[in-house]
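Read through the structure below, which is laid out as structure tokens, and then see the notes.
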Amino acid sequence: GIRCNKAGRISSMNITSSGIKGTLGHLNFSSLPHLTTIELPQNALYGTIPSSIGNLSRLTFLGLFSNHFSGAIPIQIGQLTNLRILYLFSNSFSGSIPKQVVFLTSLVELDFEQNEFTGSIPTSIGNMTNLRRLSLRANKLSGSIPLGIGNLTKLDLLILDTNHLSGAFPEEIGKLRSLIQLSLLP
């Protein structure tokens with residue numbers, strides 16, 4: 001449902017498995033400046049994420065997983081600097097993972113698995129030092145695993161399998177002392 005804060009402003013939107021169909025194109029994000037949570041998983045939403053999502057400066061949780069979204073993730077995603085959880089898995093997003101995602105330094109969980117992402121893992125991903133869970137499984141990513149991955153010392157889950165990654169296994173992964181689950185198979 002929809003929740004409001006004490007001032008009566010919409011702060012949370014959770015519409016899970018409700019069969020809603022359509023796009024986010026007409027949603028006026030600038031009229032929702034107090035929104036901290038968007039949970040719209042397991043519906044029939046499609047199209048792209050509007051660039052105006054960057055206006056949601058208070059957003060801490062964005063869950064759009066298990067829908068039919070496609071296209072590129074807008075670079076404005078990098079403006080969501082309070083974001084802690086970003087779940088976009090099980091969609092049809094394509095293009096490169098925007099390098100602006102590394103500006104999300106408060107992010108604790110990033111899950112982009114089961115999409116159509118191409119290109120390489122952003123080389124500056126090592127700047128996201130609060131990450132505990134990173135899953136990019138089942139995309140079409142190529143290139144090598146960035147050496148900066150060793151800076152993600154809080155990671156307990158790193159899932160990169162079912163991609164087209166190449167190159168040597170970076171020894172920097174040995175710095176990930178909190179790691180519980182690691183999957184790198186092609």
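- Partner of T36 under the side-chain contact (heavy atoms from CB on, under 4.5 Å) criterion, chosen from R58, M13, R3: R58.
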Passes side-chain contact (heavy atoms from CB on, under 4.5 Å), I85 versus T60? Steps please.
CA-CA 6 Å; I85 309 287; T60 59; over 6 Å; no

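- Distance check, rounded to the nearest 0.5 Å: CD1 of I15 to CD1 of I2 gives 4.5 Å.
- Looking at Q114 and S90, their side chains do bring a donor and an acceptor atom within 3.5 Å of each other.
- Remark: side-chain polar atoms of T48 are not paired, donor with acceptor, to backbone N or O of P50 under 3.5 angstrom.
- A donor-acceptor pair under 3.5 Å links the side-chain atoms of N67 to the main chain of L40, judged by distance alone.
- Closest approach of M128 and L152 over heavy atoms only: O-CD2, 3.1 Å.
- Interatomic distance, I38 CD1 to L56 CG, rounded to the nearest 0.5 Å: 5.0 Å.
- In this structure, L155 is not a member of the same hydrophobic cluster as L147, with clusters built from ILVMFWY side-chain heavy atoms closer than 4.5 Å.
- Using a cut-off of 4.0 Å between Lys/Arg side-chain N and Asp/Glu carboxylate O, R133 and D111 are scored as not salt-bridged.
- With a 4.5 Å cut-off on side-chain heavy atoms, L141 and I121 count as touching.
- With rounding to the nearest 0.5 Å, the separation of CD in Q79 from CG in L104 is 10.0 Å.
- Two residues are said to be in side-chain contact when any heavy atoms from C-beta on lie closer than 4.5 Å; L165 and I145 meet this criterion.
- If you check the side chains of K154 and N130, you find a donor sitting under 3.5 Å from an acceptor.
- The pair D161-R137 meets the salt-bridge criterion, with a side-chain N (NZ, NE, NH1 or NH2) lying under 4.0 Å from an Asp/Glu carboxylate O.
- Under a 3.5 Å cut-off, the side chain of R9 and the backbone N or O of K6 do not form any donor-acceptor pair.
- In terms of modelled atom types and a separation under 3.5 Å, the side chain of D156 and the main chain of I180 share no donor-acceptor contact.
- Note: the hydrophobic cluster containing L24 also contains L32 (ILVMFWY, side chain heavy atoms under 4.5 Å, direct or indirect links).
- If you chain together hydrophobic residues whose side chains sit under 4.5 Å apart, L35 and F61 never meet in one group.
- Aromatic ring pairs are classed by plane angle as parallel below 30°, tilted from 30° to 60° and perpendicular above 60°; the pair Y87 and F65 is perpendicular.
- Looking only at side-chain heavy atoms (C-beta outward), I49 and L64 come within less than 4.5 Å of each other.
- Side-chain atoms of N55 never come within 3.5 Å of backbone atoms of I53 as a donor-acceptor pair (strictly under, hydrogens ignored).
- For S31 (side chain) and N28 (main-chain N/O), a donor-acceptor pair under 3.5 Å exists by modelled atom type.
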Step-by-step side chain to side chain donor-acceptor pair (under 3.5 Å) determination, N14 to T16:
CA-CA 6 Å; N14 181 340; T16 302; 2.7 Å; yes

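- A distance of 9.5 Å separates CZ in F117 from OG in S96, rounded to the nearest 0.5 Å.
- The two residues L62 and I77 have their closest heavy-atom pair at CD2-CD1, 4.1 Å.
- A salt bridge between E109 and R84 is absent, with no side-chain N of the basic residue lying under 4.0 Å from a carboxylate O of the acidic one.
- Counting only heavy atoms from C-beta outward, the side chains of L160 and L158 approach each other to under 4.5 Å.
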Passes ring-ring contact (aromatic ring centres under 6.0 Å, His included), F112 versus F93? Steps please.
CA-CA 9 Å; F112 285 178; F93 289 111; 7.6 Å; no

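- Here the closest non-hydrogen pair linking S51 and P74 is CA-CB, 3.9 Å.
- Of all heavy-atom pairs spanning L134 and I149, the tightest one is CD2-CD1, 4.1 Å.
- The minimum heavy-atom distance linking S11 with C4 is given by the pair OG-C, 3.6 Å.
- Taking 4.5 Å as the limit, some side-chain heavy atom of N43 sits within range of a side-chain heavy atom of S18.
- Under the 4.5 Å side-chain heavy-atom criterion for ILVMFWY residues, a single connected hydrophobic cluster contains both F29 and I73.
- In this model, no donor atom of one side chain and acceptor atom of the other lie less than 3.5 Å apart for T153 and N151.
- Here the OG-CG distance, from S57 to N82, works out to 7.0 Å after rounding to the nearest 0.5 Å.
- Taking 4.5 Å as the limit, some side-chain heavy atom of L86 sits within range of a side-chain heavy atom of L107.
- To the nearest 0.5 Å, the span separating CG on L157 from OG on S135 amounts to 6.5 Å.
- In the model, Q42 has no side-chain atom that pairs as donor or acceptor with a side-chain atom of S66 under 3.5 Å.
- Closest non-hydrogen pair, G150 versus K175, comes out as O-CB, 3.6 Å.
- The hydrophobic cluster containing I125 also contains L184, counting ILVMFWY residues as joined when their side-chain heavy atoms lie under 4.5 angstrom apart, directly or transitively.
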